[in-house]
Colleague: 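So that we are looking at the same thing, I have put the structure below in structure tokens.
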Amino acid sequence: MAGKKVLIVYAHQEPKSFNAALKDTAVQELSVQGCAVTVSDLYAMGFEPRATRSDITGALSSPESFNYGVEAHEAFKRRALASDILAEQRKVQEADLVIFQFPLYWFSVPAIMKGWMDRVLCQGFAFDIPGFYDSGFLKGKLALLSLTTGGVASMYTKAGDSGDFRYFLWPLQHGTLHFCGFKVLAPQISFAPEYSSEEERKSMVASWTQRLKSLWTEEPIQCSPSWYFGQ
């Protein structure tokens with residue numbers, strides 16, 4: 001949709017990877033729609049995933065005992081967070097939609113993307129107490145997880161070895177994105193591209209392209225335990 005701003009937070013080491021193809025597809029299709037697309041290529045940026053004292057510039061509020069969450073909150077209020085955090089927060093603040101593109105690692109995101117979440121989505125910026133879930137500070141924005149798996153689709157069913165794919169989405173979609181106020185769109189999961197044929201991979205990319213064409217008309221998922229775990 002013309003005029004919309006999209007941030008793609010991308011985590012893969014290889015520019016010729018299938019994840020890169022999905023990222024490039026999103027950039028191309030959304031740009032054709034007239035969206036302004038920004039990509040945070042975390043590996044290429046050398047993004048620091050560790051949440052440390054270095055994230056706070058200047059004096060600590062409680063130097064006798066370091067508490068990262070407390071110090072990051074205070075530093076946000078003073079505009080005293082590290083410059084790379086502030087840069088990513090500006091991107092998020094400007095975005096109407098944030099797409100996370102990544103390969104599934106241990107039912108979660110790669111460490112570099114987890115570090116992005118830990119450092120960027122701090123208290124004061126993304127949420128407060130109170131001020132979370134439907135009252136999170138990023139309310140009004142959309143978020144979408146686009147991910148690849150190592151296992152085939154049948155593994156991620158209730159009867160499969162890994163259980164329903166919705167189970168591992170709970171901490172990411174609900175505990176992180178919804179907690180910060182995002183409206184969460186259904187995930188885009190490309191199952192086992194590494195073990196798929198070239199035609200199957202092309203079909204996955206085509207499916208993602210087709211979905212992107214009507215993405216802005218989608219309704220967010222129902223962010224409740226029943227969506228993830230059933231009644």
Side-chain angles (χ1 to χ4, degrees), residues 5-33 35-52 82-85 87-92 95 97-121 142-156 160-162 165 168-169 171-173 176-177 184-213 215:
K5 294 185 178 181
V6 180
L7 170 62
I8 301 177
V9 184
Y10 164 67
H12 201 285
Q13 308 91 331
E14 174 51 61
K16 298 190 292 288
S17 67
F18 188 75
N19 270 270
L22 294 174
K23 177 261 296 179
D24 292 343
T25 295
V27 171
Q28 180 178 1
E29 173 57 35
L30 292 168
S31 297
V32 167
Q33 294 177 23
C35 300
V37 184
T38 300
V39 177
S40 285
D41 184 339
L42 301 183
Y43 285 104
M45 294 160 59
F47 187 81
E48 171 60 71
R50 296 172 297 176
T52 69
S83 59
D84 62 338
I85 297 175
E88 294 305 299
Q89 288 178 342
R90 283 193 292 271
K91 295 176 189 177
V92 173
L97 164 67
V98 181
I99 297 174
F100 295 87
Q101 181 65 60
F102 61 96
L104 191 69
Y105 280 14
W106 297 116
F107 282 18
S108 188
V109 295
I112 199 167
M113 184 174 283
K114 178 60 164 59
W116 185 97
M117 293 174 174
D118 290 346
R119 298 177 67 226
V120 175
L121 302 178
L142 297 172
L144 188 158
L145 301 181
S146 175
L147 61 122
T148 60
T149 70
V152 297
S154 60
M155 292 181 64
Y156 300 96
D161 292 339
S162 298
F165 68 86
F168 68 72
L169 292 174
L172 295 173
Q173 291 189 161
T176 302
L177 300 178
V184 181
L185 299 177
Q188 183 75 16
I189 305 180
S190 300
F191 291 102
E194 186 176 358
Y195 304 104
S196 301
S197 68
E198 184 63 25
E199 286 305 310
E200 288 170 329
R201 287 192 291 272
K202 287 180 179 179
S203 178
M204 292 178 200
V205 173
S207 175
W208 180 220
T209 303
Q210 192 60 38
R211 183 182 176 192
L212 288 164
K213 292 181 184 299
L215 194 68

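Atom set for the values below is all heavy atoms of this structure, side chains included, hydrogens, waters and symmetry mates excluded. Throughout, residue positions are numbered sequentially from 1 according to the sequence presented.
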Colleague: Just by distance, do the side chain of R119 and the backbone of E48 share a donor-acceptor pair under 3.5 Å?
Modeller: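 Looks like yes, one N/O pair under 3.5 Å.
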Colleague: Rounded to the nearest 0.5 Å, what separates atom CG in L121 from atom CD in Q89?
Modeller: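 Rounded to the nearest 0.5 Å, the CG-CD separation comes to 8.0 Å.
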Colleague: Mind checking the CE-CD1 spacing from M117 to I112? Nearest 0.5 Å is all I need.
Modeller: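 With rounding to 0.5 Å, CE (M117) is 12.5 Å from CD1 (I112).
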Colleague: Measuring from atom NE2 of H12 to atom CZ of F18, what distance do you get when rounded to the nearest 0.5 angstrom?
Modeller: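 Here the interatomic distance stands at 11.0 Å.
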Colleague: Taking all atoms of both residues into account, what is the closest heavy-atom pair of A192 and G150, and its distance?
Modeller: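 Heavy-atom minimum between the residues: CB-O, 3.7 Å.
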Colleague: Please give me the minimum heavy-atom distance between P110 and Y43, naming the atom from each residue.
Modeller: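 Between these two residues, the closest heavy atoms are CB-OH, 4.0 Å.
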Colleague: Check the orientation of W116 and F100. Use parallel for under 30°, tilted for 30 to 60°, and perpendicular for over 60°.
Modeller: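 Answer is perpendicular, since the angle exceeds 60°.
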Colleague: Run the side-chain contact (heavy atoms from CB on, under 4.5 Å) check on E88 and F47 step by step: do they pass?
Modeller: CA-CA 10 Å; E88 294 305 299; F47 187 81; 4.0 Å; yes
Colleague: Report yes if the side chains of L215 and L142 come closer than 4.5 Å at any heavy-atom pair, otherwise no.
Modeller: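 Not touching, per the 4.5 Å side-chain cut-off.
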Colleague: Quick check against the 3.5 Å criterion: does S207 have a side-chain atom that pairs as donor or acceptor with the backbone of S203?
Modeller: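 Judged by distance alone, no pair lies under 3.5 Å.
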Colleague: Can you tell me how far apart NZ (K5) and CG (L30) are? Round to the nearest 0.5 Å.
Modeller: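 Here the rounded value is 15.0 Å.
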Colleague: Counting N and O atoms only, with roles assigned by atom type, does the side chain of Q33 sit under 3.5 Å from a partner on the main chain of L212, one being a donor and the other an acceptor?
Modeller: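 Judged by distance alone, yes, a pair lies under 3.5 Å.
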Colleague: Can you see which heavy atom on S190 is nearest to which on P193, and at what distance?
Modeller: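 Of all heavy-atom pairs spanning S190 and P193, the closest is O-CD, 3.4 Å.
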Colleague: Between the main-chain N or O of L7 and the side-chain N or O of T38, is there a donor-acceptor pair closer than 3.5 Å?
Modeller: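 Between the backbone of L7 and the side chain of T38 there is no qualifying donor-acceptor contact (under 3.5 Å).
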Colleague: Knowing that exactly one of D24, L42, N19 qualifies, which makes a side chain to side chain contact (heavy atoms under 4.5 Å, CB included) with Y10?
Modeller: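 Only one of D24, L42, N19 forms a side chain to side chain contact (heavy atoms under 4.5 Å, CB included) with Y10, namely N19.
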Colleague: What are the two closest non-hydrogen atoms of S197 and E200, and how far apart are they?
Modeller: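 Nearest heavy atoms, S197 then E200: N-OE1, 2.7 Å.
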Colleague: Crowded around E194 CD? As in, over 12 foreign heavy atoms under 6.0 Å?
Modeller: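 It does not: E194 CD has 12 such atoms or fewer within range.
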Colleague: Less than 4.5 Å apart, any side-chain heavy atom of S162 and any of F107?
Modeller: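 A side-chain contact under 4.5 Å exists here.
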Colleague: Do the side chains of V9 and F102 get nearer than 4.5 Å, heavy atoms only?
Modeller: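 No, side chains not in contact.
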Colleague: Identify the two heavy atoms, one from P103 and one from A11, that lie closest to each other, and give their separation to 0.1 Å.
Modeller: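 Residues P103 and A11, closest heavy atoms: CD-O, 3.1 Å.
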Colleague: Assess the pair F165 and Y156: is the distance between their ring centroids shorter than 6.0 Å?
Modeller: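 No, the ring of F165 stays outside the 6.0 Å limit from the ring of Y156, centre to centre.
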Colleague: Sort out for me which residue in Q101, Q188, R211 forms a side chain to side chain donor-acceptor pair (under 3.5 Å) with S146.
Modeller: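 When Q101, Q188, R211 are each tested with S146, the side chain to side chain donor-acceptor pair (under 3.5 Å) holds only for Q101.
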Colleague: Output the distance between atom CG (L169) and atom CD1 (I189), rounded to the nearest 0.5 Å.
Modeller: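 Answer for the CG-CD1 pair, L169 versus I189, is 5.5 Å.
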Colleague: Side chains of S108 and K114 only: does a donor on one sit below 3.5 Å from an acceptor on the other?
Modeller: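 Looking only at side-chain atoms, K114 and S108 do not form any donor-acceptor pair under 3.5 Å.
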Colleague: Which value, rounded to the nearest 0.5 Å, describes the distance between W208 atom CH2 and L22 atom CG?
Modeller: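 CG of L22 is found 7.5 Å from CH2 of W208.
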